[in-house]
Amino acid sequence: MSDVPIEPRDYSFGVKVVDIGELRIARGQSKRPPSICKHRQMVYDDKERRIYCEDCESDVEPFDAFKGLVEFWDGETKRLKRRRADLEQAETFSLRSRAAKAMDEEWRKRSTVPCCPHCSEALLPEDMVSGKSTVSKEWALARRNKKPK
């Protein structure tokens, strides 16, 4: 080993994190230079009737402020529509899986089997596995709606 003494460094006791925005403010500048600022923190001043960015402290054109608001609300609207579609899809999937669970419970019983709600004929698991018991959904719905009530 070397006889050179170990000199403690600043980083050995933790890293010093410096916010560049705070350094800029200490030097009398804004948090962000106006050239790279996206003006996300807009302030609407009623008294002065102006719109300015809180980060770069520069005035924002009214059209640009309006465009920013429209883009924000358009994005939120699209997000809500996607969420609604996802919820509807989850609800239909849940309905199908609940129906399948109910049929499984009925088929597990030893003495009874489920019946068709329309013709009252027994539905056996073997009928479903063979693949011969499928029919077009549109055709079945049209036939069901055609029957007199």
Side-chain angles (χ1 to χ4, degrees), residues 9-110 112-149:
R9 306 269 183 185
D10 286 340
Y11 59 83
S12 64
F13 298 108
V15 179
K16 291 184 180 179
V17 178
V18 178
D19 184 14
I20 295 174
E22 291 176 5
L23 282 177
R24 292 182 61 83
I25 290 172
R27 291 181 182 167
Q29 299 171 342
S30 62
K31 274 188 177 178
R32 290 196 180 98
S35 61
I36 62 167
C37 186
K38 303 262 189 216
H39 305 309
R40 301 262 190 242
Q41 300 293 328
M42 287 187 281
V43 176
Y44 298 88
D45 192 355
D46 289 335
K47 294 177 185 172
E48 295 181 19
R49 295 186 52 83
R50 74 180 190 123
I51 304 166
Y52 64 95
C53 179
E54 197 172 39
D55 289 337
C56 68
E57 299 173 1
S58 64
D59 286 345
V60 178
E61 293 285 327
F63 179 78
D64 293 336
F66 177 72
K67 183 180 172 190
L69 285 173
V70 169
E71 287 173 351
F72 171 76
W73 286 108
D74 182 51
E76 288 298 309
T77 304
K78 288 178 182 175
R79 186 182 64 81
L80 285 173
K81 285 181 182 178
R82 279 193 308 268
R83 182 178 167 98
R84 177 179 287 161
D86 290 345
L87 285 174
E88 288 174 358
Q89 183 182 8
E91 286 173 351
T92 57
F93 177 75
S94 175
L95 177 66
R96 287 181 183 166
S97 64
R98 281 191 288 166
K101 285 179 185 177
M103 287 297 285
D104 280 343
E105 283 181 28
E106 292 299 319
W107 279 329
R108 283 193 186 108
K109 295 178 181 176
R110 295 187 181 266
T112 61
V113 292
C115 291
C116 175
H118 303 290
C119 64
S120 298
E121 194 170 321
L123 296 173
L124 298 171
E126 298 84 34
D127 298 336
M128 303 300 161
V129 175
S130 66
K132 296 179 183 176
S133 62
T134 60
V135 70
S136 169
K137 184 177 181 179
E138 292 175 13
W139 183 78
L141 290 174
R143 185 174 172 202
R144 186 180 290 184
N145 291 335
K146 188 177 178 182
K147 285 185 179 180
K149 294 180 180 182

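- To the nearest 0.5 Å, the span separating OG1 on T77 from CZ on F72 amounts to 9.5 Å.
- Remark: H39 NE2 to E61 CD distance equals 9.5 Å, nearest 0.5 Å.
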Donor-acceptor pairs under 3.5 angstrom involving side-chain atoms of residues 42-50: please list them, not counting sequence neighbours.
{"residue": "D45", "atom": "OD1", "partner": "K47", "partner atom": "N", "Å": "3.3"}
{"residue": "E48", "atom": "OE1", "partner": "R50", "partner atom": "NE", "Å": "2.9"}
{"residue": "R50", "atom": "NH1", "partner": "D59", "partner atom": "OD1", "Å": "2.4"}

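- Atoms CZ and CG, from R79 and D74 in turn, are 12.5 Å apart once rounded to the nearest 0.5 Å.
- Taken to the nearest 0.5 Å, the CH2 atom of W73 stands 15.5 Å off from the NZ atom of K78.
- Shortest non-hydrogen contact noted between C53 and V60 is N-CG2, 3.8 Å.
- P114 has its side chain out of reach of K109: every pair of non-hydrogen atoms, C-beta onward, lies at least 4.5 Å apart.
- By the 6.0 Å contact criterion, CD on E76 is enclosed, its count of non-hydrogen atoms from other residues, nucleotides or ligands being greater than 12.
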